[in-house]
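Since the structure comes first, as structure tokens, the remarks are kept for the end.
All values below were derived from every heavy atom in this structure, side-chain atoms included, with hydrogens, water molecules and symmetry-related copies excluded. Please read all numbers here as calculations on a predicted model, not as lab measurements.
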Amino acid sequence: QVQLVESGGGLVQAGGSLRLSCAASGNIFSINDMGWYRQAPGKQRELVAAINRDEGSTNYADSVKGRFTISRDNAKNTVYLQMNSLKPEDTAVYYCNADLQLRGLYRQVYWGQGTQVTVSS
């Protein structure tokens, strides 16, 4: 009943930029926090960035501070991740997530399918 559709992943050279987008759709009553996680092979999934509903609070992994910016467009149920000055260490599968409530159901966290970001040196 909910779908998170990600786009913007791909291959980029070190120092380049990518912009990830994730649009939530379905019978949605409300969306609270939204965020991005990533997982590299053999590593645990980690938080990259998160943003609350009113855009009054954001948080970032220390490794991406100053390089990545998270934003959202509530009218479009979409969260973005602008990634600048990319490093090979940023290579991972990036997952969108959203803390949302479907109509008639309880509040729950949902995940996108993941999109590959590869940064070459």
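For the pair V48 and M83, the minimum side-chain heavy-atom distance is 4.5 Å or more. When side chains are defined from C-beta on, Y95 does not count as touching N97, because their heavy atoms never get closer than 4.5 Å. Within the 4.5 Å cutoff, no side-chain heavy atoms of C96 are placed close to those of W111. Using a 4.5 Å heavy-atom threshold, the side chains of L47 and N59 count as touching.
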Atom pairs and distances, donor-acceptor, side-chain atoms in residues 19-33, under 3.5 Å, two or more places apart:
| unit_1 | atom_1 | unit_2 | atom_2 | d |
| --- | --- | --- | --- | --- |
| N27 | OD1 | R103 | NE | 3.1 |
| N32 | OD1 | R107 | NE | 3.3 |

Let me have the donor-acceptor pairs involving side chains of residues 113-121, under 3.5 Å, with sequence neighbours excluded, atom names and distances please.
| unit_1 | atom_1 | unit_2 | atom_2 | d |
| --- | --- | --- | --- | --- |
| Q116 | NE2 | A92 | O | 3.4 |
| Q116 | NE2 | T118 | OG1 | 3.3 |

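Going from atom CZ of R45 over to atom CZ of R38 covers 13.0 Å, rounded to the nearest 0.5 Å. Distance check, rounded to the nearest 0.5 Å: OG1 of T58 to NZ of K65 gives 9.5 Å. Rounded to the nearest 0.5 Å, atoms OH (Y60) and CH2 (W36) are 13.0 Å apart. Going from atom CD of Q108 over to atom CG of D99 covers 9.5 Å, rounded to the nearest 0.5 Å.
L102 and V79 fall within a single hydrophobic cluster, where Ile, Leu, Val, Met, Phe, Trp and Tyr are joined by side-chain heavy atoms under 4.5 Å apart, directly or via other members. Cluster annotation: I51 is connected to Y110 through the hydrophobic network of ILVMFWY side chains, with a link wherever side-chain heavy atoms come within less than 4.5 Å. With hydrophobic clusters built from ILVMFWY side chains whose heavy atoms lie under 4.5 angstrom apart, L86 shares a cluster with L81.
Electrostatic pairing of D90 and K87 does not count as a salt bridge here, judged by no charged N lying under 4.0 Å from a carboxylate O.
No side-chain donor-acceptor contact under 3.5 Å links R53 to the backbone of N74.
Closest approach of L4 to G112, counting heavy atoms only: CD1-N, 3.6 Å. When all heavy atoms of G8 and L18 are compared, the closest pair comes out as O-CD2, 3.7 Å. Shown here for M34 and N77, the closest heavy-atom pair between the two residues is CE-O, 4.1 Å. The two atoms that bring Y80 and K76 nearest to each other are OH-CD, 4.2 Å, heavy atoms only. Considering every non-hydrogen atom in both R67 and S85, the closest pair reads NH1-O, 3.0 Å.
Between F68 and Y94, the ring-plane angle classifies as tilted under the 30° and 60° cut-offs.
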